[in-house]
A.B. asks: 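So that we are looking at the same thing, I have put the structure below in structure tokens.
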Amino acid sequence: MRFRLPEKVVERSLLLVAMSSVAILLLITVFIFREGGPLLVQVGLGNFFSGAWDPQHDQYGIALMVVGSFAVTSGALLIGVPFGIACAIVLAEMAPPRARSILKPAIEVLAGIPSVVYGFMGIVVLLPMIRTHIGGPGASALAGSIILGIMVLPTVIGISVDALQAVPRSYREASLALGATQWQTIRRVVLPAARSGIVAAVILGMGRAVGETMAVIMVAGNSVQMPHSPLDSVRTLTANIALEMGYAAGDHRAALFATGIVLFVIIMILNTLANLARGRLKKRSVVVVTLAATAADLVKPRAKPEEQ
Amino acid sequence: MLPRMRTRSLCTFLLLAAIATLATACNRNQAGGETAVTLAGSTSVQPFAEHWAETYMGQNPGITINVQGGGSTAGVKAALAGAADVGMCSRELKPDEAAKLKKIVVARDGLTIVVHPSNAVADLTVEQVRSIFAGRIKNWSEVGGADHKMTVVTRENGSGARGAFEELVMNKESIASSALVQDSQGAVRQMVSADAGALGYVSHGVVDASVKPLKIGGVAPTEATLTAGTYPLIRPFLFISKGEPAGAAKAFIDWILSPAGQALAVKEGLIAVQK
Amino acid sequence: MSAAARRRLITPRQSQFCARVILWAMMAATLAVLVFIVLFVVKRGLAHVSWEFLTGAPSLSGKAGGVLPMIVGTLAVTALGVALATPLGVGTAIYLTEYTREGRITKIIRFGAECLAGVPSIIFGLFGFVFFVLVLGFGWSILAGGLTLAFMILPTVIRTSEEAIKSVPPSYREVALSLGASKWESIVKVVLPSAMPGILTGVILGVGRSISETAAVIFTSGSSLSKVIPTSLFDGTRTLAVHFYQLAREGISADKAYATATVLVLAILIINVTAYAIMSRFMKRYR
């Protein structure tokens, strides 16, 4: 008889391996909090979120960076979400298989291009364009939004496509059988059914935008100021960390880690929200109810034009 | 059978990778015999230090000189903590830093105010520069130029260039928060060269045709005015160490201070230190 | 005008047509951005990519010379990252798919992996800097960078491996088990080999992510410009992406910057196409 690994041992060791990602997450949490936590306590959460940023005078407040991140991220979503969902619809619903087999890897390449290259493209192409055609110094929240808007596309597209493909084929068939066109089916049946997955896609895209660093440093201008227009330069949380980390020591460094804590907490909240949204996708009952409602909605107004 | 071989080859690959990892890890101990000097700090000094290091290593095989960036403040910390043999700093040391460290001026640098080549303004006083960076002057017409909004470009907190600029120009005033912040001299130059209304400050050594250097109080930053010390914005490039530098580090610094090392600095646009 | 009246102006067919045109146009615009970036970089850089550039050492801060030490450094951190993330990721995937039913533990593991996937690279950089560089005392090194990258690409490997293992038909396992194999044997000898192309895809994508990473490695492997090829895991290194960042930021040399970017972009292109080709062949087999 050959020696066999006892299945229990295998299972236990695999469980250990499987917990590695959770362990890593905990490790990251512990160390980021260890470095930045004491300063948060010392400065006080209220001050940290409202005060001014002036490390030379020991003032550590990240309010303006939170505003900066928010401005750039919302701008990025404004650009990235419509395009992302449009591409996802084309990929999942409209493109013939052969076209899809070219389009999908192309989108993935978009995800693979280094963020420094995006930033560089921003500097040499986008900033001069903004400067000459719109005005301002070029390096601005707008520039950051556009670059990030492109960078979140693969995230938004990938997860939206998954969500759309998870909608059972029978839903589409039912809708088409009722006489709906393909677009009506997509708009009234498929999209509502995939809604929670698409919401998750948007949330994760948001996480991507909030967390991006190098490209934003290169195009957003990094001024610590309250932006009054999209053409004003802003500094994001991530840019703040990367810009000053090299120089920082003592409280200043701790403050940058505290900035990291804030970023980390934001990301965790977004991840949890996305997880919740995606979890809902699996509860078919909700989808079925939406479907029933939209199908009813679909039949009513369509009755008249069809009679003519 | 084929799939089975694939798994096996994957396992072999992973095993080999692990062995290679261990083998190289052991290498570290053997590397102790070779002479290595680590420099860390100011990104302003870094390119010049890299240049020195490259030439010096070319002449002295067997000596490795690592040049890390990080910034002036990081250079001070690294020297204090012993993380680097030599720290690089591009501003004067603060009193508490100076008390604990040995400093050597390896070169001097003229902090040059640069604008877009198309800018008609050619000369500013230190006070005007201060007002511009403090945000009191916002349009080029206020200093005799065209009616064009100014774009002020500064460096990030902690950089030696910013430290020196604040010390030499700002007179304890703060730089306006609306100023764009760039994290390297090249980035400042790039920003200024692309924006007709921009101005920023960079080392004299990195000024090129893409930007126009301004006269300060009538004095142009040239080799002559910098060497004579008549140009007002001059900062030291410091090498700092905890205690007297010794061994390979000392030999390297001695070479930098020698005519050959200083000539290299001058060629790159720095000012030689007189002995 | 009432809603009903407006509805009559545009027939469903017309709105279908409009939607199609708009959606495809948006898709085309997205692709155009991609093509533009790739062409823009490659057009300016390809002429400066030569054999000497790929195999030479940099000089004058990168103004002249080549990028061999950076290529080696990039490969080293990437290989280390992949060598660590692959067993962890595949192990996790096996556990999730073969050894347990969906329950609290899988939920926790999945949530952990998903969160890890969302953690921005700068946070990985900060963490790696504190944990590997300072606490464990690795210094700015290939080791610190590789470990950080391993953590970063782990979720990608888990997800693709899980999908690959799931797509192996249950009948394969049943046959193996009926021939007297233990569960573990059936996994190692039947399931994993069948899922190998899918797993490989995940690994290749991890390689791509590692190569293009900047923020996480600049804090862990350092940015020291080295003329010599790193020989030890404790050597610091400047990866290609970091080198590009320095070239572009410091304005050292536009030609070299474009050439470095070209190498990066082409590498990413090749990696993605390879991964996709393997994946699509794999998926076809089980369809």
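We name chains A, B, ... by the order of the sequence lines, and we start the count at 1 in each one.
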A.B. asks: Could you state the interatomic distance from OG (C:S212) to OH (A:Y118), rounded to the nearest 0.5 Å?
C.D. replies: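 One finds 9.5 Å between OG of C:S212 and OH of A:Y118.
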A.B. asks: Side chain, backbone, both or neither: which part of A:V90 has a non-hydrogen atom closer than 4.5 Å to chain C?
C.D. replies: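 When you check distances to chain C, only side chain atoms of A:V90 fall under 4.5 Å.
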A.B. asks: Which bit of A:L270 comes within less than 4.5 Å of chain C, counting heavy atoms only: side chain, backbone, both or neither?
C.D. replies: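 Contact with chain C: none, neither part.
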A.B. asks: Which heavy atom of C:T92 sits nearest a heavy atom of A:S20, and at what distance?
C.D. replies: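 Here C:T92 and A:S20 meet closest at OG1-OG, 4.1 Å.
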A.B. asks: Where does C:F244 contact chain A at under 4.5 Å (heavy atoms): side chain, backbone, both or neither?
C.D. replies: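 Contact with chain A involves the side chain of C:F244 alone.
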A.B. asks: So which part of C:V35 gets closer than 4.5 Å to some heavy atom of chain A, the side chain, the backbone, both or neither?
C.D. replies: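 Contact with chain A is absent: no heavy atom of C:V35 under 4.5 Å.
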A.B. asks: Are A:F120 and C:Y245 an aromatic pair, judged by ring center distance below 6.0 Å?
C.D. replies: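 Not under 6.0 Å, so no.
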A.B. asks: In terms of heavy-atom proximity below 4.5 Å to chain A, should C:F17 be classed as side chain, backbone, both, or neither?
C.D. replies: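 For C:F17, neither part sits under 4.5 Å from chain A.
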A.B. asks: Can you tell me how far CE of A:M245 sits from CG of C:L126, rounded to the nearest 0.5 angstrom?
C.D. replies: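 These two atoms lie 5.5 Å from each other.
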A.B. asks: Side chains of C:T30 and A:C87: does their closest heavy-atom pair fall under 4.5 Å?
C.D. replies: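 A side-chain contact under 4.5 Å exists here.
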A.B. asks: Measure distances from C:L154 to the heavy atoms of chain A and classify the residue's part below 4.5 Å as side chain, backbone, both or neither.
C.D. replies: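 Side chain only.
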A.B. asks: Quick one: what part of A:I32 sits under 4.5 Å from any heavy atom of chain C, side chain, backbone, both or neither?
C.D. replies: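 A:I32 touches chain C through side-chain heavy atoms alone.
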A.B. asks: Which atoms of C:I187 are under 4.5 Å from chain A, going by heavy atoms: the side chain, the backbone, both sets, or neither?
C.D. replies: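 C:I187 has no heavy atom closer than 4.5 Å to chain A.
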A.B. asks: Mind listing the closest non-hydrogen atom pair of A:P114 and C:I268 along with its distance?
C.D. replies: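 So the two residues come closest at CD-CG1, 4.3 Å.
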A.B. asks: Heavy-atom distance under 4.5 Å to chain A: side chain of C:I158, backbone, both or neither?
C.D. replies: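 Side chain only.
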A.B. asks: Of the backbone (N, CA, C, O) and the side chain (C-beta and beyond), which part of C:A28 lies under 4.5 Å from a heavy atom of chain A, both, or neither?
C.D. replies: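 Looking at C:A28, nothing touches chain A.
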A.B. asks: Got a second to check how far C:F127's CZ is from A:I28's CD1, nearest 0.5 Å?
C.D. replies: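 Here the rounded value is 5.5 Å.
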A.B. asks: So do the side chains of C:P87 and A:V17 get within less than 4.5 Å of each other, counting heavy atoms only?
C.D. replies: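 Contact flag for C:P87/A:V17 side chains = no.
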A.B. asks: Select one option (side chain, backbone, both, neither) describing which atoms of C:L23 are under 4.5 Å from chain A's heavy atoms.
C.D. replies: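 Both backbone and side chain.
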A.B. asks: Pick one of side chain, backbone, both or neither for A:V30, based on which atoms fall under 4.5 Å of a heavy atom in chain C.
C.D. replies: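 For A:V30, no heavy atom lies under 4.5 Å from chain C.
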A.B. asks: What part of A:L25 gets closer than 4.5 Å to chain C, counting heavy atoms only: side chain, backbone, both or neither?
C.D. replies: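 Both parts, backbone and side chain.
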A.B. asks: As an exercise: rank C:A277, C:G208, C:G89, C:S15 by heavy-atom pairs under 4.5 Å with chain A and give me the winner.
C.D. replies: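 Maximum pair count with chain A is reached by C:S15.
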A.B. asks: May I ask you to check whether C:F129 and A:F257 place their ring centres under 6.0 Å from each other?
C.D. replies: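 No - the distance between ring centres of A:F257 and C:F129 does not fall below the 6.0 Å cut-off.
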A.B. asks: Of all heavy-atom pairs between C:G112 and A:V22, which one has the smallest distance, and what is that distance?
C.D. replies: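 Minimum heavy-atom separation between C:G112 and A:V22: CA-CG2, 4.2 Å.
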A.B. asks: State the CZ-OG1 distance between C:R20 and A:T181, to the nearest 0.5 angstrom.
C.D. replies: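 One finds 9.5 Å between CZ of C:R20 and OG1 of A:T181.
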A.B. asks: Kindly indicate, with the supporting measurements, whether the criterion side chain to side chain contact (heavy atoms under 4.5 Å, CB included) is fulfilled by A:I113 and C:L269.
C.D. replies: CA-CA 8 Å; A:I113 291 178; C:L269 263 176; over 6 Å; no
A.B. asks: Does any heavy atom of chain C fall under 4.5 Å from the side chain of A:S13, the backbone, both, or neither of them?
C.D. replies: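 Looking at A:S13, nothing touches chain C.
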A.B. asks: If you count heavy-atom pairs under 4.5 Å with chain A, which of C:F219, C:F36, C:W24 comes out on top?
C.D. replies: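 Of the options given, most contacts go to C:W24.
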A.B. asks: Can you confirm whether more than 12 heavy atoms, excluding those of A:L15, are under 6.0 Å from its CG atom?
C.D. replies: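 Count over threshold, so yes.
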A.B. asks: Contact part of A:I217 toward chain C, heavy-atom cut-off under 4.5 Å: side chain, backbone, both or neither?
C.D. replies: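 Both parts, heavy atoms under 4.5 Å.
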A.B. asks: If you round to the nearest 0.5 Å, how far is CZ of A:F31 from CG of C:L134?
C.D. replies: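 Result: 10.0 Å between the selected atoms.
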A.B. asks: Quick one: what part of C:I108 sits under 4.5 Å from any heavy atom of chain A, side chain, backbone, both or neither?
C.D. replies: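 Both parts, heavy atoms under 4.5 Å.
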A.B. asks: Where does A:V125 contact chain C at under 4.5 Å (heavy atoms): side chain, backbone, both or neither?
C.D. replies: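 Contact with chain C involves the side chain of A:V125 alone.
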A.B. asks: Kindly compute the distance separating SG (C:C115) from CG (A:N275), expressed to the nearest 0.5 Å.
C.D. replies: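 Result: 7.0 Å between the selected atoms.
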A.B. asks: Tell me, with the steps shown, if C:V119 and A:F264 meet side chain to side chain contact (heavy atoms under 4.5 Å, CB included).
C.D. replies: CA-CA 7 Å; C:V119 171; A:F264 190 68; 3.9 Å; yes
A.B. asks: Might you point out which heavy atoms bring C:M27 and A:L91 nearest each other, and give the distance in Å?
C.D. replies: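 For C:M27 and A:L91, the tightest heavy-atom pair comes out as CE-CG, 4.3 Å.
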A.B. asks: If you compare all heavy atoms of A:I267 against all heavy atoms of C:G118, which two are closest, and at what distance to 0.1 Å?
C.D. replies: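 Of all heavy-atom pairs spanning A:I267 and C:G118, the closest is CG2-O, 3.3 Å.
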A.B. asks: Between A:E11 and C:K183, is a side chain to side chain contact (heavy atoms under 4.5 Å, CB included) present by the stated rule, with each step listed?
C.D. replies: CA-CA 10 Å; A:E11 192 186 327; C:K183 191 169 185 180; over 6 Å; no
A.B. asks: Most heavy-atom pairs under 4.5 angstrom with chain C, which of A:I150, A:L27, A:L153?
C.D. replies: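 Of the options given, most contacts go to A:L27.
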A.B. asks: Can you tell me which portion of A:T238 sits under 4.5 Å from chain C's heavy atoms? Options are side chain, backbone, both or neither.
C.D. replies: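 When you check distances to chain C, atoms from both the backbone and side chain of A:T238 fall under 4.5 Å.
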A.B. asks: Heavy-atom cut-off 4.5 Å, strictly under: side chain, backbone, both or neither for A:R34 against chain C?
C.D. replies: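 Side chain only.
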A.B. asks: Measure distances from A:A23 to the heavy atoms of chain C and classify the residue's part below 4.5 Å as side chain, backbone, both or neither.
C.D. replies: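 Neither part, no heavy atoms under 4.5 Å.
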A.B. asks: Indicate the atoms forming the closest heavy-atom contact of A:V116 with C:A241, along with that distance.
C.D. replies: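 Distance-wise, the nearest heavy atoms are CG2-O, 3.9 Å.
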A.B. asks: Judged by atom type as modelled, is there a donor-acceptor pair below 3.5 Å linking the side chain of C:Q16 to the main-chain atoms of A:Q182?
C.D. replies: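 It does hold such a pair.
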A.B. asks: For A:M19 and C:Y95, run side chain to side chain contact (heavy atoms under 4.5 Å, CB included): C-alpha distance rounded to whole Å, both residues' side-chain angles, the deciding distance at 0.1 Å, then the answer.
C.D. replies: CA-CA 10 Å; A:M19 293 309 281; C:Y95 183 78; over 6 Å; no
